[in-house]
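When reading the values below, keep in mind they use all heavy atoms of this one structure, side chains included, and skip hydrogens, waters and symmetry mates.
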Amino acid sequence: MTTAAQRAATLDDVARLAGVSRSTASRVIAGTGFASPEARDRVATAVHRLGYVPNPAARALVRGAGVRLVVAVTGSSAEVLDDPYVHRVVGSAARVCTPAGVGVALYWLPLDDPTGLDQLARDRSVCGVVLVNTTEELLDAVPRSLRGRVVSIGVGSPSVPSFDVDNAAGAGEVLRHLYDTGRRRIAMVTGPQWLPCSRRPVEAYRTLMRQAGLPERVLPGDFSAASGRAAAQGVLRRWPDVDAIYAINDETALGVIATLRDEGVRVPGDVAVAGFDDIPLAAMTAPSLTTASHPVGQIATAAATALLDGRPAAPVTLFPSAMVARASA
């Protein structure tokens, strides 16, 4: 027969040996709530005799501190949860949370219905929330009871610290590279208009075009390769003299290259192409993709660490982006 001495002792074992209820044993071990001095002594003796080690996640739950960090992603559909960028955020957060006995959960916040934040605020198992694809409307909807336990990867607010990449600087560096290599008819494929972080590269593009006295050629995208394909077709139809296309992210840029290849347009001979993010595939395509770095792991690690540490974070923490020059531009 297996005994408590032959396996890891449980809270039930402690309560049984101490002659108290499980809830009393839990309160004594967690240091919360009332218990008589006699009960405390018996529980302490039982813990010592059994070598009981409280599970950190269970202890956090007893304190009401939560056992899950939630990565809440805003999107028009649940397909946003399949984004490789989101997976990198979750993986980095898990590396921070696992040693602390805290799990990481993925949660979809519909773009037109931020009330899911109310559910997260009421859930005692949630120790903190990392918002991804944050909008100003979403920040306004953060419940007061959740403030202090939520950070944003993207735009922030006075009550919600933000962690993000300086994509305006990264985009500007790539665009200046295109200009410095002789490209003068540069088109841009943007991201979703509702997402504030996708506006900064567009502003960098417009600023450079104005300063250089060049025409602005902007087409919408949504971070997908399909939108890059469609945008490239639109560029070739509207501006056949284009000599460079800058896409807001690498996946979109790869879609651009695919369409140009199908249309017999040489990259970079006829049209240079550049993106942003420096995903692993960017170095392995033909031609390899000129892009700018996006330290997703560092950003997510900093966001998760701020929540677990419980220390106030700076209102805005921007991580630098650097151009990665390759064959496509």
Tell me whether [X] contacts the main-chain N or O of [Y] through its side chain, where contact means a donor paired with an acceptor under 3.5 Å.
{"X": "R199", "Y": "Q193", "value": "yes"}
{"X": "R326", "Y": "L289", "value": "yes"}
{"X": "T181", "Y": "L178", "value": "yes"}
{"X": "H177", "Y": "A329", "value": "yes"}

With a 3.5 Å cut-off and sequence neighbours excluded, list the donor-acceptor pairs that the side chains of residues 130-145 form with protein atoms.
unit_1 : atom_1 : unit_2 : atom_2 : d
N133   : ND2    : T74    : O      : 3.0
T134   : OG1    : S152   : OG     : 2.7
T135   : OG1    : L138   : N      : 3.0

Polar contact flag, side-chain donor to acceptor under 3.5 angstrom, [X]-[Y]:
{"X": "T291", "Y": "D250", "result": "yes"}
{"X": "S125", "Y": "R68", "result": "yes"}
{"X": "D12", "Y": "T10", "result": "no"}
{"X": "T24", "Y": "S21", "result": "yes"}

Heavy-atom closest contact ([X] atom, [Y] atom, distance):
{"X": "T252", "Y": "A247", "result": "CG2-CB, 3.8 Å"}
{"X": "A274", "Y": "V174", "result": "CB-CG1, 3.5 Å"}
{"X": "T305", "Y": "T301", "result": "OG1-O, 2.7 Å"}
{"X": "L195", "Y": "F223", "result": "CD2-CE1, 3.5 Å"}

Exercise. Mind checking what makes salt bridge (charged side-chain N to carboxylate O under 4.0 Å, His left out) contact with D164, not counting sequence neighbours?
Worked result: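 Listed in chain order: R200.
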Problem set entry | pair C127-L308: side-chain heavy atoms closer than 4.5 Å |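 SC-SC contact between C127 and L308 confirmed.
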For this session: Could you walk me through whether R42 and E38 pass salt bridge (charged side-chain N to carboxylate O under 4.0 Å, His left out), step by step?
Result: CA-CA 6 Å; R42 293 204 305 268; E38 183 183 7; 3.1 Å; yes
Pairs under 3.5 angstrom only: tabulate donor-acceptor contacts from the side chains of residues 232-239 to other protein residues two or more places apart or in another chain.
none

Exercise. Are the ring centres of H294 and Y85 closer than 6.0 Å?
Worked result: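 For H294 and Y85, the ring centres are under 6.0 Å apart.
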For this session: Have a look at D241 and tell me which of R184, R185, R183 forms a salt bridge (Lys or Arg N to Asp or Glu O under 4.0 Å) with it.
Result: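 Only one of R184, R185, R183 forms a salt bridge (Lys or Arg N to Asp or Glu O under 4.0 Å) with D241, namely R185.
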